[in-house]
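Comments concern the structure below.
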2 protein chains.
Amino acid sequence: MRSALSVVCHALDMSVVKDARARARAEVVVAIKATAAQHLAQTGAAGLSLRAVARDLGLVSSALYRYFPSRDALLTALIVDAYDAVGEVAERADAAALAAGADPGARWLEVCRAVRGWARASPHEYALVYGTPVPGYSAPHDTVEAAVRLSRVMAAVVTAAAADGSLRPPQRPLPGPTLVTDAVAAVAGGAPPPPYEDLLERSLVLLTALIGTTSYLQFGHLHLALVDDDAWFDRAMAVAAEGVGLVLPLD
Amino acid sequence: MRSALSVVCHALDMSVVKDARARARAEVVVAIKATAAQHLAQTGAAGLSLRAVARDLGLVSSALYRYFPSRDALLTALIVDAYDAVGEVAERADAAALAAGADPGARWLEVCRAVRGWARASPHEYALVYGTPVPGYSAPHDTVEAAVRLSRVMAAVVTAAAADGSLRPPQRPLPGPTLVTDAVAAVAGGAPPPPYEDLLERSLVLLTALIGTTSYLQFGHLHLALVDDDAWFDRAMAVAAEGVGLVLPLD
DNA sequence: GCACGTCAAGAGCACCGCTCTCGTCATGCG
DNA sequence: CGCATGACGAGAGCGGTGCTCTTGACGTGC
């Protein structure tokens with residue numbers, strides 16, 4: 001009877017109920033990731049030590065290899081979580097702005113501020129996601145879904161601006177054929193109509209400006225150059241948004 | 001007599017002729033930096049091992065500590081050199097474009113391409129300079145002079161555009177007081193005159209766009225998004241340049 | 001009730017950054 | 001000119017790392 005139930009679980013609910021063994025294993029995995037995330041937040045990716053994580057868990061280092069085949073695998077798992085975190089932050093910021101009746105420009109400014117706020121609150125996680133790639137980093141395949149969440153938010157904002165007529169057409173359209181892949185068009189919901197033929201290329205510039213500016217500030221390259229980082233960041237985002245025709249509210 | 005000569009050397013030419021000891025020491029220092037740079041280019045900053053460098057030099061690891069007090073100090077020396085390298089690349093590209101009679105827009109495009117070309121040729125050095133900061137990184141004081149070289153090139157291009165009238169004034173000037181420090185104004189050669197009051201803020205956006213876009217491409221975040229990285233990079237720089245009123249040549 | 005698979009523990013390997021000590025050699029001073 | 005000082009390289013060693021392998025205990029499924 002128990003075995004029959006077990007079979008039923010396997011057939012219907014495998015991913016939810018699972019084996020008792022598998023569930024215990026999953027719990028250990030999340031415990032490892034949790035303490036590893038704590039260490040990451042404190043010491044950074046370079047200082048994350050598998051042995052130290054094991055010590056905190058009351059385990060011996062070799063026991064961790066039952067759950068993660070290598071330190072890089074653990075780090076990759078943390079990267080995926082961090083990607084997801086920034087994606088969720090962006091989505092929530094946009095949803096909140098949308099609920100407050102903000103126009104597309106105001107929505108995007110809130111998204112930018114939220115991403116930068118997350119970067120400042122979690123500098124090491126941010127560096128893991130958008131800084132120098134770690135040498136043994138497995139594959140973008142795990143992260144591509146999580147990474148696309150931010151792009152989707154931007155696509156929604158730009159599409160809304162195009163729909164309500166507030167998106168200004170480019171003064172000087174970019175020459176040549178489209179330069180983005182079909183995957184980008186799929187995320188954006190198809191090729192943009194005239195007069196926005198170069199909108200996808202310009203949208204990637206907008207996304208790059210958000211991450212690039214956040215990184216440049218986060219990594220201290222403008223430390224001696226600015227008297228008010230926050231105000232300049234808002235204006236930098238406004239200048240970048242002009243490139244796609246989006247008008248951000250300032251003051 | 002020898003001692004008298006030595007005194008003369010000390011008084012007049014100390015930094016050029018030096019002691020025999022000091023010169024030998026300087027040679028060893030450059031040898032260490034050279035092989036360390038090789039290792040850096042191959043394995044990246046994380047994989048740079050003091051012991052491996054010492055082995056390549058036929059030394060024992062402890063001997064290196066006579067020249068660099070720690071691994072981070074050696075890494076910092078490499079960072080300074082890398083900053084200088086990218087600054088020189090930018091300066092040479094601008095000088096070549098200027099000699100070829102290029103207008104400011106064309107000059108800046110060449111500078112952008114040159115910086116990105118250096119990043120692709122020296123990815124680990126680029127990551128060291130513009131990627132995640134290394135934890136034990138000493139001080140920006142050593143690098144600030146080298147880092148300002150690129151800014152100076154940009155300032156020269158933008159100033160030339162303002163001087164020859166090709167710089168378009170902003171359609172929507174940035175509100176509020178100036179956000180940059182006096183150091184930035186000093187590099188730019190003073191506060192910009194009307195109608196370019198926000199030029200320094202916008203110029204920092206331009207610089208950030210160059211580095212941010214190069215990093216975003218270099219770190220693979222647009223790997224699945226673009227069919228022609230080079231063409232998109234040119235257009236991204238053109239879109240960013242629109243933000244300061246600089247017109248880049250495309251096609 | 002027994003065998004199997006899973007798990008944690010421990011020892012061990014190679015490598016790392018870094019410190020300390022100890023000969024050696026050239027240098028500069030009296 | 002002779003000697004003491006100081007710089008230098010070699011080597012051993014410490015604590016740490018990632019990772020592998022073996023061993024023994026435990027709970028589960030047949």
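All figures in this text were calculated on a predicted structure; none of them were measured in a lab. We name chains A, B, ... by the order of the sequence lines, and we start the count at 1 in each one.
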5'-most by nearest nucleotide on DNA chain D - A:S49 or B:G58: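 Between the two, 5'-proximity favours B:G58.
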Here's a test of your reading of the structure: between B:A63 and A:L48, which maps to the more 5' nucleotide of DNA chain D?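 Here B:A63 is the residue nearer the 5' end.
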Determine whether A:F233 and B:T208 make a side-chain contact, defined as any pair of heavy atoms from C-beta on separated by less than 4.5 Å.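 Side-chain contact under 4.5 Å: no.
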Hey, what's the ring geometry for B:H221 with B:F219, parallel, tilted or perpendicular (30° and 60° as the breaks)?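 Plane angle over 60°, so perpendicular.
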From [atom1] of [X] over to [atom2] of [N], roughly how many Å is that when rounded to an integer?
X     : N      : atom1 : atom2 : value
A:R51 : C:dG10 : CZ    : P     : 13 Å
B:R66 : D:dA10 : CZ    : P     : 11 Å
A:L74 : D:dT17 : CG    : C1'   : 15 Å
B:R55 : C:dG17 : CZ    : P     : 9 Å
A:R23 : C:dT6  : CZ    : P     : 18 Å
B:R71 : C:dC15 : CZ    : P     : 17 Å
B:L64 : C:dC16 : CG    : P     : 12 Å
A:H39 : D:dG16 : NE2   : P     : 14 Å

Does the pair A:L222 and A:W232 meet the rule for a side-chain contact (heavy atoms from CB on, under 4.5 Å), with working shown? CA-CA 11 Å; A:L222 294 177; A:W232 180 82; 3.6 Å; yes
Looking at A:V187 and A:A155, what are the two nearest heavy atoms and their distance?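 Looking at all heavy atoms of both residues, the closest pair is O-CB, 4.2 Å.
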What does [X] touch in the nucleic acid at a heavy-atom separation under 4.0 angstrom: a base, only the sugar-phosphate, or nothing?
X     : answer
B:F68 : nothing
A:S62 : base
A:S61 : base

Reckon B:Y67 has a side-chain N or O less than 4.0 Å from the OP1 or OP2 of D:dG9?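 For B:Y67, the contact criterion (side-chain N or O under 4.0 Å from OP1 or OP2 of D:dG9) is met.
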Less than 4.0 Å between a side-chain N and a carboxylate O, is that true for B:R120 and B:D229?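 No, no charged N to carboxylate O under 4.0 Å.
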